[in-house]
Asks: 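Quick one: the structure is below, questions incoming.
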Amino acid sequence: MSWIVLLTILSCTYSTAFAKKHSLVVKNYRIIGHVYQTLHTNDWLHCVFVCSADTRCISYNFHQKGLCELNSCAVDDMFDLNKWGVHSSGFVFQQLRDTNKGKCQTRSLEKEFKGKAHNYALQFSRILGASGYVIIRDFPSLVAFTVCFWMKTEDKQNDGTPFSYATSGTSNELLLYNYRNFQLFIHNQKRTTNVVATDGRWHHICFTWENTVGSWQLLKDGIAKASGTNLQKGSYTISGGGVLVLGQEQDKPGGGFDQKQSFIGELTNVQLWNYVIPLQEINDLTLFFLCNAYSRSGNVLSWFDIVQGSLNGSVTLIALSKC
């Protein structure tokens, strides 16, 4: 009998004591923004028992590879969960109590993140193995772009991948790869930068490109560290319709991951624009560190768009400790 079947049976038992007819068990979903405690355990019974023993715990998100998130809110039904939860592969959401109903709605994603998304980060952990990633679809065509984000890692083993965009024709259509020595790819053409960001501190990273002369640059903390030309110059257009993944390098759209290329650490404020932002303006972005209310949103993808993507495996949305 599979663990999900056992969990479903257990939920029936707990529905009488805690949630009556309101008990809800849903695979591949989780509530975010209401986690008040995180436990690292692969024992789902332990997760259930801890939640049931704590009157603050209304529901929980559990991943069988080692994560138990205790939530302080309840949803009314599956429609409510679809509205306030997110699809997260490998997780199970279970609601044990029917108290605090409406709290999830009151602190919806719109309210919780859109106005202060800069207060949150994606945490990619070793605990759940190599499967942690965030996936975004419906990517547009680009003839120029700027992608910026804040990152923190002390991982000196993996060729960590913050940003990977793949199409059916090209797995490395747009790729920022290996934070031990950043490499940039546009349609399989590569540039090596000798830029490192693995000292365990927060760093602001930006990558820009345009197709007229194929000019590109990588900026770290507002300073251009590497640049050049002739990277897919001329009329080349980055193809739209592919898959964007944060945290893994794709060998095919949405898959083909390698554990040694996993991002391990924290990532926040990922923004994408369809033009090259001037150097001085990028430098200005670094002055508003992490938790400042000022945030310049990407006109292609904003951080709010990112946190509503599909969270899979060993990635968790956490509140930044500085905020």
Asks: Let me see the working for Phe93 and Ser59 under side chain to side chain contact (heavy atoms under 4.5 Å, CB included), right down to the final yes or no.
Replies: CA-CA 7 Å; Phe93 168 82; Ser59 60; 3.4 Å; yes

Asks: Would you kindly confirm whether Ile282 and Ile223 end up in one hydrophobic cluster when ILVMFWY residues are joined by side chain heavy atoms under 4.5 Å apart?
Replies: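 No, it is not one cluster - the side chains of Ile282 and Ile223 are not joined through contacts under 4.5 Å.
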
Asks: Is the shortest heavy-atom distance from the side chain of Val315 to the side chain of Leu246 under 4.5 Å?
Replies: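 Contact flag for Val315/Leu246 side chains = no.
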
Asks: Report the residues that fulfil ring pair (Phe, Tyr, Trp, His ring centres under 6.0 Å) with Phe163, sequence neighbours left out, ordered by chain and then residue number.
Replies: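 Phe163: no ring pair (Phe, Tyr, Trp, His ring centres under 6.0 Å) contacts found.
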
Asks: Taking Lys260 first and then Asp258, would you say they form a salt bridge - that is, a charged N and a carboxylate O separated by under 4.0 Å?
Replies: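 Looking at Asp258 together with Lys260, the answer is no, because their closest N to O distance does not fall below 4.0 Å.
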
Asks: Would you say Gln232's side chain and Ile186's backbone share a donor-acceptor pair under 3.5 angstrom?
Replies: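 Between the backbone of Ile186 and the side chain of Gln232 there is a qualifying donor-acceptor contact (under 3.5 Å).
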
Asks: Which residue pairs pass the disulfide bond (SG atoms under 2.5 Å apart) test when at least one of the two sits in residues 199-286, sequence neighbours left out?
Replies: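 Found Cys148-Cys206.
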
Asks: Do the side chains of Thr153 and Phe124 get nearer than 4.5 Å, heavy atoms only?
Replies: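 Result no, sub-4.5 Å side-chain heavy-atom pair not found.
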
Asks: Is there side-chain contact between His63 and Asn61, with at least one heavy-atom pair below 4.5 Å?
Replies: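 No, side chains not in contact.
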
Asks: Under the side chain to side chain contact (heavy atoms under 4.5 Å, CB included) criterion, do Asp155 and Thr198 qualify, and how do the steps go?
Replies: CA-CA 6 Å; Asp155 173 35; Thr198 59; 5.8 Å; no

Asks: Is Val276 reachable from Leu218 through a run of I, L, V, M, F, W or Y residues, each pair having side-chain heavy atoms under 4.5 Å apart?
Replies: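 No, it is not one cluster - the side chains of Leu218 and Val276 are not joined through contacts under 4.5 Å.
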
Asks: At their closest point, which heavy atom of Ser171 faces which heavy atom of Lys252, and how far apart are they?
Replies: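 Scanning both residues, the minimum pair turns out to be CB-N, 4.3 Å.
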
Asks: Would you check, one step at a time, whether the test side chain to side chain contact (heavy atoms under 4.5 Å, CB included) holds for Glu266 with Trp202?
Replies: CA-CA 9 Å; Glu266 296 179 26; Trp202 282 106; 3.3 Å; yes

Asks: Write out all pairs satisfying salt bridge (Lys or Arg N to Asp or Glu O under 4.0 Å) with one or both partners inside residues 169-198, taking only residues at least two apart or from two chains.
Replies: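 Qualifying pairs: Asp159-Arg180.
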
Asks: Show the nearest heavy-atom pair for residues Ser141 and Ser239, with the distance to one decimal.
Replies: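 Taking every non-hydrogen atom into account, OG-C, 4.0 Å.
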
Asks: Can you confirm whether Leu231 sits close enough to Trp209 that some side-chain heavy atom of one is under 4.5 Å from a side-chain heavy atom of the other?
Replies: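 Yes. Closest side-chain heavy atoms under 4.5 Å.
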
Asks: Test of understanding: with ring pair (Phe, Tyr, Trp, His ring centres under 6.0 Å), list the residues that count as partners of Phe139, not counting sequence neighbours.
Replies: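 Residues passing ring pair (Phe, Tyr, Trp, His ring centres under 6.0 Å) with Phe139: Tyr165.
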
Asks: Are Tyr133 and Phe257 an aromatic pair, judged by ring center distance below 6.0 Å?
Replies: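 Yes, the ring centres sit under 6.0 Å apart.
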
Asks: Taking a hydrophobic cluster as the set of Ile, Leu, Val, Met, Phe, Trp and Tyr residues connected by side-chain heavy atoms closer than 4.5 Å, whether directly or through intermediates, do Leu45 and Val50 fall within one such cluster?
Replies: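 Yes; tracing contacts between hydrophobic side chains, which count when under 4.5 Å, links both residues.
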
Asks: Heavy-atom distance under 4.5 Å between the side chains of Leu267 and Trp150, does that happen here?
Replies: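 No. Closest side-chain heavy atoms not under 4.5 Å.
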
Asks: With rounding to the nearest 0.5 angstrom, report the OG1 to NE2 distance, Thr268 to His204.
Replies: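 Atom-to-atom, Thr268:OG1 and His204:NE2 are 10.0 Å apart.
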
Asks: Going by the rule side chain to side chain contact (heavy atoms under 4.5 Å, CB included), which residues pair with Val143 if we only count those two or more places apart in sequence or in a different chain?
Replies: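 With sequence neighbours excluded, Val143 shows a side chain to side chain contact (heavy atoms under 4.5 Å, CB included) to Asn211, Thr237, given in chain and number order.
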
Asks: At their closest point, which heavy atom of Pro162 faces which heavy atom of Phe149, and how far apart are they?
Replies: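 In this case the closest contact between Pro162 and Phe149 is CB-CZ, 3.7 Å.
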
Asks: Of all residues at least two apart in sequence or in a different chain, which pass the side chain to side chain contact (heavy atoms under 4.5 Å, CB included) check with Asp305?
Replies: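 Here the qualifying residues are Leu301, Ser302.
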
Asks: Establish, from distance only, whether the side-chain atoms of Ser164 and Gln250 form a donor-acceptor pair under 3.5 Å.
Replies: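 A donor-acceptor contact under 3.5 Å links the two side chains.
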
Asks: Looking only at non-hydrogen atoms, find the nearest pair between Cys51 and Arg97 and report the distance.
Replies: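 Heavy-atom minimum between the residues: O-NH1, 3.1 Å.
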
Asks: Can Thr170 and His187 be counted as having a side-chain donor-acceptor contact under 3.5 angstrom?
Replies: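 Distance-only check passes for Thr170 and His187.
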
Asks: Give the minimum heavy-atom separation between Trp303 and Ala121, together with the two atoms involved.
Replies: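 Between these two residues, the closest heavy atoms are CZ2-CA, 4.1 Å.
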
Asks: Is there side-chain contact between Asn71 and Ile58, with at least one heavy-atom pair below 4.5 Å?
Replies: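 No, too far: nothing below the 4.5 Å cut-off.
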
Asks: According to the disulfide bond (SG atoms under 2.5 Å apart) rule, which pairs have a member within residues 211-250, sequence neighbours left out?
Replies: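 The answer is none; no pair qualifies.
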
Asks: To the nearest 0.5 angstrom, please state how far the CG atom of Leu174 sits from the OG1 atom of Thr167.
Replies: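 Rounded to the nearest 0.5 Å, the CG-OG1 separation comes to 10.5 Å.
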
Asks: Quick check: is Ile318 connected to Leu70 through a chain of hydrophobic side chains (ILVMFWY, heavy atoms under 4.5 Å apart)?
Replies: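 Different clusters: Leu70 never reaches Ile318 through Ile, Leu, Val, Met, Phe, Trp or Tyr contacts under 4.5 Å.
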
Asks: Can you measure from CD1 (Ile205) to CG (Leu176) and round to the nearest 0.5 angstrom?
Replies: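 If we round to the nearest 0.5 Å, Ile205:CD1 and Leu176:CG are 7.5 Å apart.
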
Asks: Distance check, rounded to the nearest 0.5 Å: Leu142 atom CG versus Thr146 atom OG1?
Replies: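 So the gap between those two atoms works out to 10.0 Å.
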
Asks: Between CD1 of Ile264 and CD of Gln157, what distance do you get to the nearest 0.5 Å?
Replies: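 Result: 11.0 Å between the selected atoms.
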
Asks: Would Asn269 and Gln271 count as having a side-chain donor-acceptor pair, cut-off 3.5 Å?
Replies: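 The criterion, which ignores hydrogens and geometry beyond distance, is satisfied for Gln271 and Asn269.
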
Asks: Any chance you could lay out the side chain to side chain contact (heavy atoms under 4.5 Å, CB included) test for Leu279 and Thr208, step after step, and finish with the verdict?
Replies: CA-CA 10 Å; Leu279 176 59; Thr208 73; over 6 Å; no

Asks: Check whether Met151 and Val196 end up in the same hydrophobic cluster, where Ile, Leu, Val, Met, Phe, Trp and Tyr are linked by side-chain heavy atoms less than 4.5 Å apart.
Replies: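 Met151 and Val196: separate clusters.
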
Asks: For residues Gln183 and Thr193, is any side-chain donor paired with an opposing acceptor at under 3.5 Å?
Replies: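 Absent: no donor and acceptor within the cut-off.
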
Asks: Is a side-chain donor-acceptor pair under 3.5 Å present for Asp221 with His203?
Replies: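 The answer is yes; a qualifying pair exists.
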
Asks: Who are the ring pair (Phe, Tyr, Trp, His ring centres under 6.0 Å) partners of Phe207, not counting sequence neighbours?
Replies: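 Listed in chain order: Phe145.
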
Asks: Parallel, tilted or perpendicular: which describes the rings of Tyr179 and Phe263, with under 30° parallel and over 60° perpendicular?
Replies: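 Geometry flag for Phe263 against Tyr179: perpendicular rings.
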
Asks: Taking side chain as C-beta onward, heavy atoms only, is Thr161 less than 4.5 Å from Asn178?
Replies: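 Sidechains of Asn178 and Thr161: no contact.
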
Asks: Which ILVMFWY residues are connected to Leu175, directly or by a chain of links, through side-chain heavy atoms under 4.5 Å apart?
Replies: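 Members besides Leu175, by chain and number: Tyr177, Phe185.
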
Asks: Tell me the salt bridge (Lys or Arg N to Asp or Glu O under 4.0 Å) pairs involving residues 194-211, sequence neighbours left out?
Replies: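 Output for this query is empty, none listed.
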
Asks: Output, in order, the C-alpha distance, side-chain angles, deciding distance and verdict of side chain to side chain donor-acceptor pair (under 3.5 Å) for Gln248 and Ser262.
Replies: CA-CA 5 Å; Gln248 297 280 355; Ser262 301; 3.3 Å; yes

Asks: Test: disulfide bond (SG atoms under 2.5 Å apart). Region: residues 164-195. Which pairs qualify, not counting sequence neighbours?
Replies: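 Residue pairs passing disulfide bond (SG atoms under 2.5 Å apart), neighbours aside: none found.
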
Asks: Which atom pair, heavy atoms only, marks the closest approach of Val243 to Pro253?
Replies: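 Smallest interatomic distance, heavy atoms only, reads CG2-CB, 4.0 Å.
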
Asks: Which pairs, with at least one residue in residues 222-236 and sequence neighbours excluded, count as a salt bridge (Lys or Arg N to Asp or Glu O under 4.0 Å)?
Replies: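 The answer is none; no pair qualifies.
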
Asks: Could you check if a side-chain atom of Leu244 sits within less than 4.5 angstrom of a side-chain atom of Ile135, using non-hydrogen atoms only?
Replies: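 Not in contact.
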
